[in-house]
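What follows is a set of notes on a single structure, which appears directly below.
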Amino acid sequence: MPTRGVMNTSLFEMETAAPPSRDILGTGTAVLAGFALDAEEELLSSLKDVIERSPLRNMVTPSGFRMSVAMSNCGSLGWVTDRTGYRYDVIDPEANRPWPAMPTAFRHLAISAAEEAGFSNFIPDTCLINRYEPGARLSLHQDKNERDFTQPIVSVSLGLPATFLFGGLERGDKTQRIQVIHGDVLVWGGSARLRYHGIAPLKDGEHPRIGRVRYNLTFRNAS
DNA sequence: GAGTCACA
DNA sequence: GGGA
């Protein structure tokens, strides 16, 4: 099984002494893995490039609340919210042009992670970039603006640690709390694809490489 | 309700 | 931290 956290070994090394990945639900539909240190440099420089072209912004929910998480996207589509609702848009409504292309390092990481988790035909066409500053949160929700729920979700954690809330298929279901750290990759799909999930308010701290912030990259097939 | 709030 |  894959390892978690940043490993100075090959991508998704399968035979190390580091803490093993967890089959989060015990059903093989959600796993926690990690990426290799040699992939980190390119990942971070690509992230910088993307958010220079499509800056992070705090979007507004349909009910008019400003989200505490700042977001951007790359890929052929991007997830956006405003007073009219949630949707995927080919245009960055703030920059008024298409979202930046998905960097190769992003795509390869997402496909590798999905494959490692047992989803061998993942075609990510969008990556939502979330920036959490201390106190920022993402309340329990389902990812259901996509069309093909047979395609999994791949979530990459960078920077400060966070508590990932993993619920059930109904809002009221019991949630489990999963600590995610820099380098963790969560993959879920199949019968877990529509499970509620979220992020608890981010605890303040300082990450040696990323600073006082957490980034999350969420890969999906939206079309 | 991808949020906020009161209450525990 | 869980529920309305």
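Within every chain, numbering begins at 1; the chains are lettered A, B, ... in the order of the sequence lines, protein sequences first and strands thereafter. What you see below is based on every heavy atom in this structure, not just the backbone, and it leaves out hydrogens, waters and symmetry mates.
Listed by chain and residue number, Asp143(A), Glu146(A) satisfy the salt bridge (charged side-chain N to carboxylate O under 4.0 Å, His left out) test with Arg220(A) (two or more places apart in sequence, or in another chain).
Rounded to an integer number of Å, the gap from Leu128(A) CG to dA2(B) P is 14 Å. For the pair Gln176(A) CD and dG1(C) C1', the computed distance is 16 Å after rounding to whole Å. Atom pair Arg137(A):CZ and dG3(B):C1' shows a separation of 9 Å (rounding to whole Å applied). Rounded to whole Å, atom C1' of dA2(B) lies 13 Å from atom CG of Asn58(A). Atoms CD (Glu170(A)) and C1' (dG3(C)) sit 15 Å apart, rounded to a whole Å. Atom pair Ile199(A):CD1 and dG1(B):C1' shows a separation of 17 Å (rounding to whole Å applied). The CZ-P distance, from Arg131(A) to dA2(B), rounds to 21 Å in whole Å. If you measure from atom NZ of Lys174(A) to atom C1' of dG1(C), you get 12 Å, rounded to the nearest angstrom.
Atom C1' of dG1(B) sits at a distance of 12 Å from the matching atom of dC5(B), rounded to the whole Å.
Counting non-hydrogen atoms of other residues, nucleotides and ligands closer than 6.0 Å to CD of Glu206(A) gives a total above 12. With a 6.0 Å radius and a threshold of 12 heavy atoms from other residues, nucleotides or ligands, Asn58(A) has its CG atom above the threshold.
Nearest to the side-chain atoms of Phe65(A) among the listed nucleotides dT4(B), dA2(B), dG1(C) stands dT4(B).
Considering Pro98(A), Ser72(A), Cys74(A) as possible partners of Ser54(A), the one that fulfils the side-chain contact (heavy atoms from CB on, under 4.5 Å) test is Ser72(A).
Annotation: side chain of Phe219(A) is in contact with side chain of Val156(A) (closest heavy-atom distance under 4.5 Å).
Nearest heavy atom pair, residue Glu133(A) against residue Val213(A), reads CG-CG2, 4.3 Å.
Residue-level contact check: Asn130(A) touches neither bases nor backbone, having no heavy atom under 4.0 Å from any strand.
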Q: Show your reasoning for whether side-chain contact (heavy atoms from CB on, under 4.5 Å) applies to Ile153(A) and Thr218(A).
A: CA-CA 7 Å; Ile153(A) 295 169; Thr218(A) 308; 3.7 Å; yes
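When both distances must be under 3.5 Å, the Watson-Crick or G-U wobble mate of dT4(B) is dA4(C).
DNA chain B lies under 4.0 Å from at least one heavy atom of each of the following residues of residues 70-102 of chain A: Trp79(A), Tyr86(A).
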